Amino acid sequence: MALLSNLAIDLAILFYTTRIAMENVGLDVTRAAFLLGNDEMICFPVRARMGARLMSYNFPACFLLPFLCEALFTVIVPYHIYKKVVGTQPISQRAADAFLLPPLFEMGRYADVVLNMTQATISLCFSAGYVLPTLVGMFIGHTLVYAWDHYRVLRHVRKFRFTSFRTEKAAQRMLALPGASLLASAMLQLFQVGAVTPSTEAVAAIVMIGAAIAHIALHLLVLQYVVPWVGATEHTAATQTYEQVAKMNPGNWFNMNPIHCLRSRYVHQHDPPCIFYQIGKEHLLEPNAKLGLFYSAPEWKNEAPSTYLELARLARRSLARGTLVAISLRCKRFSRHIILWCQADSGMLPQGARDEELQREQICAVPEEAVEDGSMAEAHRTGPQGQSAGSKAVEKPRKSVVTFASDEHDADQD
């Protein structure tokens with residue numbers, strides 16, 4: 001609601017400043033002229049100016065910059081500051097964990113996406129020439145949002161909190177807003193082309209607002225009654241046992257109760273006791289089937305490089321080798337063709353000999369592995385045996401550069 005209130009205020013200011021700017025150039029802009037479209041000489045410049053300013057307001061100001069600032073000032077900058085604090089200041093282990101602990105995943109992204117969709121549909125009220133750039137800007141912004149959320153979920157989120165479908169249902173209800181603004185924009189366009197002719201500006205405003213409210217009401221009614229009826233399914237009982245689930249999830253009712261963990265260690269003196277579960281400390285948990293504890297974290301080797309570093313190193317080596325090989329082969333063939341063309345133009349080489357040489361170049365374009373094992377020489381031979389050897393050399397499956405690099409990497413490790 002705060003974002004929608006801010007959007008309404010911004011649009012009102014946008015219309016007011018545009019009207020003042022148009023009046024400074026001699027155009028008497030009124031709400032009636034804008035809604036009813038009576039005077040095209042006034043209505044069209046106002047719609048074009050409003051469309052241009054709304055597009056600038058949408059992209060990059062709303063569709064891109066806020067999400068860049070979110071990534072910078074909520075994750076990147078705090079993480080580096082906290083890392084410097086932990087690395088330079090004498091603090092306790094508990095304080096260091098609190099500094100570097102990622103936050104929970106917040107559900108405010110629903111509101112961001114719905115608000116962007118609403119702003120994009122409002123652009124249909126104005127000049128049509130700015131609709132496509134607005135949609136392209138929204139696509140770019142939402143692509144960035146998807147990529148950032150994907151990275152954030154994997155690297156900078158402590159956990160999720162899905163206790164019910166309340167947030168999902170609220171998001172489905174909020175999607176009534178883009179549809180309402182789209183219907184109001186369609187009614188305004190009908191006024192502009194004369195398909196619907198309201199008598200006064202008040203009637204035009206009531207029709208637009210009434211259409212938006214009717215759409216919202218219909219949307220909510222469908223979600224409340226039709227969707228549960230259509231999507232009704234029978235409850236399916238779980239087939240996994242408690243032990244199977246507890247082996248995959250570190251937290252359970254026992255190890256998330258600190259009193260139970262203290263009683264297990266100091267009163268009952270279990271061996272191993274029930275260890276209190278903390279996010280990021282899963283490797284400290286020990287299984288004990290008698291206490292209902294089955295989770296055991298896989299062994300982590302700190303001396304081994306991370307998967308990201310291994311993949312990055314492999315990609316760099318593979319791509320660099322493949323690029324160099326491709327460039328060298330292309331350069332050799334290109335220089336050979338240039339020499340043949342120059343010899344043919346100067347009369348040093350007959351036309352038929354040049355075509356034969358070029359054809360031989362194409363036949364002998366075999367993989368680099370064939371060059372190393374001598375198959376290139378076999379391809380130059382004439383006769384049935386030479387042809388079969390050459391065809392075998394050409395039909396030899398090409399070894400991929402990535403596989404070659406991975407084999408070399410394994411050899412280095414051995």
Side-chain angles (χ1 to χ4, degrees), residues 3-22 25 27 29-68 109-147 174-198 201 204-205 207-216 219:
L3 291 174
L4 289 176
S5 302
N6 183 44
L7 176 61
I9 295 173
D10 289 341
L11 291 178
I13 295 174
L14 190 66
F15 180 79
Y16 175 76
T17 54
T18 303
R19 187 181 68 176
I20 297 300
M22 294 292 102
V25 296
L27 295 178
V29 181
T30 60
R31 287 190 296 271
F34 177 74
L35 292 176
L36 302 179
N38 297 330
D39 192 351
E40 190 66 23
M41 297 297 294
I42 297 177
C43 182
F44 180 77
V46 173
R47 292 170 57 194
R49 183 64 176 172
M50 284 285 293
R53 298 189 65 186
L54 182 61
M55 186 189 69
S56 301
Y57 173 80
N58 289 335
F59 185 82
C62 293
F63 293 166
L64 183 63
L65 294 181
F67 305 107
L68 294 177
R109 189 66 75 216
Y110 285 106
D112 296 333
V113 174
V114 170
L115 184 66
N116 288 345
M117 295 172 62
T118 305
Q119 292 178 212
T121 54
I122 291 176
S123 65
L124 296 172
C125 294
F126 310 112
S127 180
Y130 299 101
V131 174
L132 181 59
T134 300
L135 297 179
V136 172
M138 185 179 68
F139 175 77
I140 295 173
H142 284 191
T143 303
L144 175 67
V145 169
Y146 177 81
M174 285 192 299
L175 286 175
L177 297 175
S181 61
L182 181 62
L183 184 56
S185 301
M187 296 303 301
L188 180 60
Q189 294 296 332
L190 292 177
F191 299 159
Q192 300 290 336
V193 300
V196 179
T197 56
E201 59 175 312
V207 170
M208 292 177 60
I209 296 174
I213 294 176
H215 173 81
I216 293 175
H219 185 96

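All values reported here derive from a predicted model rather than from experimental measurement.
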Practice task
Taking all non-hydrogen atoms of both residues into account, name the closest pair between Thr18 and Val46 and its distance.
Solution key: CG2-O, 4.4 Å
Practice task
Please name the pair of heavy atoms, one in Ser123 and one in Leu54, separated by the smallest distance, quoted to 0.1 Å.
Solution key: CA-CD2, 3.6 Å
Exercise for the section: Tell me, yes or no, whether the heavy-atom count around Arg49 atom CZ, taken from other residues, nucleotides or ligands under 6.0 Å, exceeds 12. Expected result: no
Problem - Value rounded to 0.5 Å, distance of CG in Leu115 from CG in Asn6 - result: 8.5 Å
Exercise for the section: Quick one: pull up CE in Met174 and OG1 in Thr118 and give me the separation to the nearest 0.5 Å. Expected result: 9.5 Å
Practice task
Compare every heavy atom of Gln119 with every heavy atom of Leu7, then report the nearest pair and how far apart it is.
Solution key: CD1-CG, 3.6 Å
Handout entry: Backbone N/O of Gly194 and side chain of Thr197: donor-acceptor pair under 3.5 Å
Key = no
Return a table of donor-acceptor pairs under 3.5 angstrom between the side chains of residues 125-146 and protein atoms on other chains or two or more places apart.
from	atom 1	to	atom 2	distance (Å)
Thr134	OG1	Tyr130	O	2.7
His142	NE2	Asn116	ND2	3.3
Thr143	OG1	Phe139	O	2.7

Practice task
List the atom of Pro66, the atom of Pro60, and the distance in Å for their closest heavy-atom pair.
Solution key: CD-O, 4.2 Å
Practice task
List the atom of Leu124, the atom of Gln189, and the distance in Å for their closest heavy-atom pair.
Solution key: O-NE2, 2.6 Å
Practice task
For a side chain to side chain contact (heavy atoms under 4.5 Å, CB included) with Pro178, tell me which candidate from Val113, Val114, Ile122 qualifies.
Solution key: Val114
Practice task
Measure the CZ-CG distance between Phe191 and Leu188 for me, rounded to the nearest 0.5 Å.
Solution key: 7.0 Å
Exercise for the section: Can you measure from CG (Leu175) to CE (Met117) and round to the nearest 0.5 angstrom? Expected result: 5.5 Å
Practice task
Could you grab the distance from atom CE of Met50 to atom CE of Met55, nearest 0.5 Å is fine?
Solution key: 13.5 Å
Handout entry: All ring-ring contact (aromatic ring centres under 6.0 Å, His included) counterparts of Phe15, not counting sequence neighbours
Key = Phe34
Exercise for the section: With sequence neighbours excluded, tell me which residues meet side-chain hydrogen bond (donor to acceptor under 3.5 Å, both in side chains) with Gln192. Expected result: none
Practice task
Identify the two heavy atoms, one from Leu14 and one from Thr17, that lie closest to each other, and give their separation to 0.1 Å.
Solution key: O-OG1, 3.1 Å
Exercise for the section: Could you grab the distance from atom CD1 of Ile213 to atom CE of Met208, nearest 0.5 Å is fine? Expected result: 12.0 Å
